[in-house]
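Reading through the structure tokens given below for one structure.
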Amino acid sequence: MLTINQIQVNKEDLLRKLQIKNFKKIELVEEILTLDKQRREIQQKTDQLQSEMNLLSKEIGSLFQSGKKEEANLAKEKTANLKEEVKKWGSVHSEIEEKLTTLLVQIPNLPHKSVPAGHSAEDNEITETVSELPELSETSVPHWDLGKKYDIIDFELGTKITGAGFPVYKGKGAKLQRALINFFLDENEKAGYKEILPPLLVNEDSGFGTGQLPDKEGQMYHVQIDNLYLIPTAEVPVTNIYRDVLLSEDDFPIKNTAYTPCFRREAGSYGKDVRGLNRVHQFDKVEIVQIQNPSTSYQALEEMVAHVKSIIEKLELPFRILKLCGGDLSFTSALTYDFEVFAAAQKRWLEVSSVSNFESYQAVRLKLRYKDKASGKNQYAHTLNGSSLALPRIVAALLENNQTEEGIKIPEVLWPYTGFKVIN
RNA sequence: GGAGAGGUGGGAGAGUGGCUUAAUCCACCAGUUUGCUAAACUGACGUACUCGUUUAGGGUACCGGGGGUUCGAAUCCCCCCCUCUCCGCCA
């Protein structure tokens, strides 16, 4: 979330940026500022009342100790009224603070100055794309047919065991998953990321820290009996490693990578867009997460983009990179690059990675700070993350684009991981 | 799941109702000494909010979390969470 200070410091600029983000409830800004003013006034009052109370208590204490019981009891009577006041204003104060937080978490992150205006995916800026799209022969089929043909992905079986959107990978299909995961992790490690194997269930605090809660509650699977959530992405547990942490400037940069299954309810989505592996409830993903000094976070973002690009290139997949417009940017992100690969049989672009700088938006929720050497003050760190990569759509594109009469050709870079060069 | 013990500042650890504005030690930081390092000595050393034009300096809260008793709570009471030990169950 934003800090009060970020909201106060330049209201015009704030409103302009919120507009780029297509944020409608701008009246919240005024509410927050008014409420904050009240909070301060009331805090002054409660602080003063408590100060008086403390002084009185001290006096009573020393009166008792010097044996002046009469006077002490007299002084006690004076405290009743004050005590009442302290209690009353104290509860008003905490009510206001609570209200303030519920309003603050409704304000999205502010977009970076380079974010293009726009309302939907149509308005995203293509920063890089292939010169020509691959064309397949007329006999080519989409990946769900290929999955069936070679008996490597079984959607019906998943439906039987669990429900729609839980594919079962079999044989070379399963092994391809394992190969991709290891390949991605190795690439990330080479780029300086430390491998983490985190829990797949997280508590409420963690969900709040990275911004999934309270708003996107319906997107996560909730284990009610223990009040835990299945992670929608490794971003949640890996970033929450740094919740309530005070870093030293020397700790930067922090670069972690993690493979996890991801669970998403994807409530409300249906249709041919979600067919096959295009959108599923459980999928595998390797994530990269960075905790950065604010002064270098955008440089880090560019590095992450270059890194993800290099991996896709090694897989020899046609891709494009989009800089998301204000309207398509997620609630918590300041700047996001999406990677899409072209699935040639479906003739569709599929999103396989989303690389974002959240600036201090998550850090404020996480209470993730570092001690700034120059000023000696504690500052909020910047958090970034990206997929490198999400498996299902990569698999979809690999299967579709590489299909031949002899079978599906595996990119050379994966051979050491798969142990086979073709699926037939 | 059952029984017991415990949770105090970056770490160790004292503190069972008011000289606690949390002792002491270690670590970190600055300085003195030193040919350099080490050692020794001296000093500073938490977080958040708030008042103050910036500063200087005040105030309030914080001893796992939440509530309560009391003029006053790290300390007493209740609920919850977590850790450790033993038992049970278990890959």
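By convention in this document, chain letters (A, B, ...) are assigned in the order of the sequence lines, proteins followed by strands, and residues within each chain are numbered from 1.
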For this session: Could you please name the partner base of B:A44, counting Watson-Crick and G-U wobble pairs only when both distances are under 3.5 Å?
Result: none
Exercise. Expressed as a whole number of Å, how far does the P atom of B:U50 sit from that of B:A44?
Worked result: 28 Å
For this session: Quote, to the nearest angstrom, the P distance that separates B:A74 from B:C80.
Result: 23 Å
Seminar exercise, completed: Whole-Å distance, A:Asp205 CG to B:C82 C1', equals 13 Å
Problem set entry | Short side-chain N/O contact to B:C81 OP1/OP2 from A:Asn203, under 4.0 Å | no
Problem set entry | Sub-6.0 Å ring centroid separation between A:Phe252 and A:Tyr370 | yes
For this session: Classify the side-chain pair A:Asn378/A:Lys371 by whether it contains a donor and acceptor separated by less than 3.5 Å.
Result: yes
Exercise. Rounded to the Å, how far apart are A:Met53 CE and B:G59 P?
Worked result: 18 Å
Exercise. For B:A56, which nucleotide in any strand shown is its Watson-Crick or wobble partner with both distances under 3.5 Å?
Worked result: none
For this session: Is it possible for you to check whether A:Lys255 lies under 6.0 Å from the centre of the six-membered ring of A:Tyr193, through NZ or CZ, and within 45° of that ring's axis?
Result: yes
For this session: Can you tell me, in whole Å, how much space there is between the C1' of B:A22 and that of B:A14?
Result: 9 Å
For this session: Nearest-nucleotide wise, let me know which of A:His93 and A:Lys87 is further upstream toward the 5' end of RNA chain B.
Result: A:His93
For this session: Please state whether the rings of A:Tyr221 and A:Phe166 are parallel, tilted or perpendicular, taking 30° and 60° as the class boundaries.
Result: tilted
Exercise. Roughly how many Å is it from CD in A:Glu85 to C1' in B:U60, rounded to a whole number?
Worked result: 17 Å
With the criterion being N/O to N/O and under 3.5 Å, what pairs connect the protein with nucleotides 45-47 of chain B, and how long is each?
| residue | atom | partner | partner atom | Å |
| --- | --- | --- | --- | --- |
| B:U47 | OP1 | A:Lys371 | NZ | 3.0 |
| B:U47 | OP1 | A:Asn378 | ND2 | 3.2 |
| B:U47 | O3' | A:Arg369 | NH1 | 2.9 |

Problem set entry | Who pairs with B:C19 - Watson-Crick or G-U, where each distance is under 3.5 Å | none
Problem set entry | B:C82 and B:C63, which share atom name C1', separated by this distance in whole Å | 16 Å
Exercise. Once you round it to whole Å, what is the distance between P of B:A48 and CD of A:Gln50?
Worked result: 20 Å
Exercise. Which whole number of Å gives the distance between the P atom of B:U54 and that of B:A38?
Worked result: 41 Å
For this session: Could you tell me whether A:Gln44 contacts a base, only the sugar-phosphate backbone, or nothing, with contacts defined as non-hydrogen atoms closer than 4.0 Å?
Result: sugar-phosphate
Seminar exercise, completed: A:Gln43 atom CD is separated from B:G52 atom P, nearest whole Å, by 12 Å
Problem set entry | Opposite nucleotide pairing with B:A38, Watson-Crick or G-U, both atom distances under 3.5 Å | none
Exercise. Base, sugar-phosphate alone, or nothing: which one does A:Thr79 contact when heavy atoms must sit under 4.0 Å apart?
Worked result: sugar-phosphate
Exercise. Distance under 6.0 Å and angle within 45° of the ring axis: does A:Lys172 meet both against A:Phe420?
Worked result: yes
For this session: Could you check how far CG of A:Leu55 sits from C1' of B:G58, rounded to whole Å?
Result: 13 Å
Exercise. Just how far, in rounded Å, is P of B:C49 from CD of A:Gln8?
Worked result: 13 Å
Problem set entry | Complementary nucleotide of B:C90, counting Watson-Crick and G-U pairs under 3.5 Å | none
For this session: Check each of A:Lys45, A:Gln44, A:Glu52 against A:Gln48 using the side chain to side chain donor-acceptor pair (under 3.5 Å) test, and report the only one that passes.
Result: A:Glu52
Exercise. Taking atom C1' in both B:G15 and B:C71, what distance in whole Å separates the two?
Worked result: 23 Å
For this session: Could you tell me the separation between the NZ atom of A:Lys45 and the C1' atom of B:G59, rounded to a whole number of Å?
Result: 16 Å
For this session: From the options B:G68, B:G18, B:C51, select the nucleotide whose nearest atom is closest to the side chain of A:Arg40.
Result: B:C51
Exercise. For residues A:Ser114 and A:Lys323, is any side-chain donor paired with an opposing acceptor at under 3.5 Å?
Worked result: yes
Problem set entry | Residue closer to the 5' end of RNA chain B, A:Tyr380 versus A:Ala80 (nearest nucleotide) | A:Tyr380
For this session: With a 3.5 angstrom cut-off on both distances, give the Watson-Crick or G-U wobble partner of B:C76, or none if there isn't one.
Result: B:G68
Exercise. Quick one: do A:Glu84 and A:Lys87 make a salt bridge, cutoff under 4.0 Å?
Worked result: no
Exercise. Across all strands shown, which nucleotide pairs with B:A3 by Watson-Crick or G-U wobble geometry, both distances under 3.5 Å?
Worked result: B:U85
For this session: Considering only atom C1', compute the distance from B:U16 to B:A23 and round it to an integer number of Å.
Result: 16 Å
Exercise. Cut-off 3.5 Å, side chains only: do A:Tyr380 and A:Glu359 have a donor facing an acceptor?
Worked result: no
For this session: Using Watson-Crick or G-U wobble geometry with both distances below 3.5 Å, tell me the partner of B:A12, or none.
Result: B:U24
For this session: Return no unless some side-chain N or O of A:Ser51 is found under 4.0 Å from OP1 or OP2 of B:U60.
Result: yes
Exercise. Is the cationic atom of A:Arg264 (NZ for Lys, CZ for Arg) positioned less than 6.0 Å from the six-membered ring centroid of A:Phe283 and within 45 degrees of its normal?
Worked result: no
Exercise. Among B:A61, B:C49, B:C71, which is the nearest nucleotide to the side chain of A:Arg39?
Worked result: B:C49
Exercise. Which whole number of Å gives the distance between the P atom of B:G72 and that of B:U60?
Worked result: 15 Å
